[in-house]
*Asks:* 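One structure follows; several queries about it will come next.
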Number of protein chains: 2
Amino acid sequence: MAPTTPRETDAPALGLRELADALEGTPAERGLRERKKRSRRLALIDAAQELVAEHGLDAVTVEMISAQAGVSPRTFFNYFESKDDAVLGAEDAGLPDDVVGTFVDGGPTGRLLSDVQVLVAALLATADEGHDRVRRAVDLVQQEPRLLQRHMAWLDRHQKRLGEIFEARRAAHPFSTDTELLNLLVLMLLRTSLAAWERAGCTGRAADHLPSAVSQLLDLAAGDVAP
Amino acid sequence: MAPTTPRETDAPALGLRELADALEGTPAERGLRERKKRSRRLALIDAAQELVAEHGLDAVTVEMISAQAGVSPRTFFNYFESKDDAVLGAEDAGLPDDVVGTFVDGGPTGRLLSDVQVLVAALLATADEGHDRVRRAVDLVQQEPRLLQRHMAWLDRHQKRLGEIFEARRAAHPFSTDTELLNLLVLMLLRTSLAAWERAGCTGRAADHLPSAVSQLLDLAAGDVAP
DNA sequence: CGCAAAAATGCATCAACTGCAAAAAGTTGA
DNA sequence: TCAACTTTTTGCAGTTGATGCATTTTTGCG
């Protein structure tokens, strides 16, 4: 019990509280409330994925999902905007700041495509964290094409941020590629990698299949320039 | 015009005759019924686009749309699967058979990327037919991000067919690119071209902006191989 | 005209989703 | 421990999108 974090001091510093909070125990365990919230969220995702896997997307109602998770139907919508979001376990997993910083500063390699690849790898890495649930989500997307639309919605949420990142890099290190095209490139690499990962039985990390996707793209271009 | 691909022969194929018959007599004017159907459909699209442009997507109900178009709300769903489809004026514009045939037979150029470009050009050409409505649809997609999801749904509908086309070509003229990646490539080129077309004020044809999209992609690849 | 096919319509119904206010659970400080 | 407080859950009523079914209206055609 080393009192390194003085979080019981009452009066003193102004930022100490926030500092303590930041350093304190894993970001998910700061009180029963937070823990229950997280737990319920996961319970809802599990319930949704399980039921959909068994009965199909359209045959499952939010009422069933909430019942299985042991909460009221109304509570369901406190956690997710839509049924589909719950099935996908949609996290707003943001990009790590250091990765973004490096990219904006001209990226690790200085070659746009390679640097975008690093960006995508970072996105895939966050997906690896919730391995099981992501795997089930990817499986379900294969079976239920409607969910693919939500996948696009997920990109929408990040499109703004991605756009800003691309523009920021462009400012200091100009390139001619449309932001629009780059956004779609990210989606393409993401989906292709995830698809390959799933074909491989979801073993290892999804990012391992990223280089293959990129080289396919390069081959495609090379074959067109000098057949 | 090297006739390496025997695709202009008349007699051989069995389904060709029926196809010709089906396409015969302007496809839209074979009786009052067909004409009315088409007219109502367009009226619904116009009503939907107009109302959404004015009030926003969420503030417009199918009841309003059908009222403005002068039909019953129930009839609306005889024409469209969803409100969003009506706003987008979603046509199931199929690819012309000759274009598909050429592509499957090794495509006009024999280079995969270039041939996909021709495929996309054909898709964009069908979009040019309903010039005004497509333009409004593109505009609305910019304003209402939710519609972008339906754009993805549109791809879904064609993804199966596209996949078959790619597989058919692959059988006789093997290539290593994933079908998944090619599907996304088509989407990328479509969206980038449409975006450029819209930035150019929707003048001329959307397909005119396709070469730029492709060359951007090539530049991206070239810059990565030999910086 | 009169009959058959096709389309439009009315009606009942389900499910997704939202706002609101009351109740319950967690948190804080003395 | 108790009592104010904040946050979250929950019930309820209501709107809207969407579908199935039966009925009526319209259209095509001899």
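All chains are named by letter (A, B, ...) in the order of the sequence lines, taking the proteins before the strands, and each is independently numbered beginning at 1. Everything numeric here is computed off the predicted structure, so don't read it as measured data.
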*Asks:* Near DNA chain C, under 4.0 Å by heavy atom, which residues of residues 80-87 of chain B?
*Replies:*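 Nothing qualifies; none.
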*Asks:* Considering only NZ, NE, NH1 and NH2 on the basic side and carboxylate oxygens on the acidic side, decide whether A/Arg169 and A/Asp115 come within less than 4.0 Å.
*Replies:* yes
*Asks:* Between C/dA16, D/dT19, D/dT16, which nucleotide gets closest to the side-chain atoms of B/Phe77?
*Replies:*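 Within the option list, the nearest is D/dT19.
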*Asks:* Indicate whether the side chain of B/Thr192 and that of B/Gln216 have a donor and an acceptor atom separated by less than 3.5 Å.
*Replies:*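 Side-chain D/A pair, B/Thr192 to B/Gln216: absent.
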*Asks:* Could you write nucleotides 5-13 of chain C as a row of B, S and -, 5' to 3', where a protein heavy atom under 4.0 Å of any base atom gives B, of only sugar-phosphate atoms gives S, and otherwise -?
*Replies:* BSSBBBB--
*Asks:* Checking A/Gln143 now: which residues fulfil side-chain contact (heavy atoms from CB on, under 4.5 Å) with it, not counting sequence neighbours?
*Replies:* A/Leu140
*Asks:* Answer with yes or no whether the side chains of A/Arg40 and A/Thr75 bring together a donor and an acceptor at under 3.5 Å.
*Replies:* no
*Asks:* Ignoring hydrogens and geometry beyond distance, is a side-chain donor-acceptor pair present between A/Arg170 and A/Thr177 at under 3.5 Å?
*Replies:* no
*Asks:* Below 4.0 angstrom, N of the basic side chain to O of the carboxylate: do A/Arg205 and A/Asp208 qualify?
*Replies:*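 Yes, this pair counts.
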*Asks:* Atom CZ of A/Arg41 to atom C1' of D/dT9: distance rounded to whole Å?
*Replies:* 17 Å
*Asks:* Using a strict cut-off of less than 4.0 Å between a Lys/Arg side-chain nitrogen and an Asp/Glu carboxylate oxygen, indicate whether A/Asp46 and A/Arg133 qualify as a salt bridge.
*Replies:* yes
*Asks:* Are any of A/Lys36's side-chain N or O atoms less than 4.0 Å away from OP1 or OP2 of C/dA25?
*Replies:* no
*Asks:* To the nearest Å, give me how far apart CG (A/Asp58) and P (D/dA18) are.
*Replies:*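 From A/Asp58 CG to D/dA18 P: 12 Å.
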*Asks:* Look at B/Arg38 together with B/Glu34 and state whether they make a salt bridge at an N to O cut-off of under 4.0 Å.
*Replies:* no
*Asks:* Between C1' on D/dT7 and CZ on A/Arg35, what's the gap in Å once rounded to a whole number?
*Replies:* 16 Å
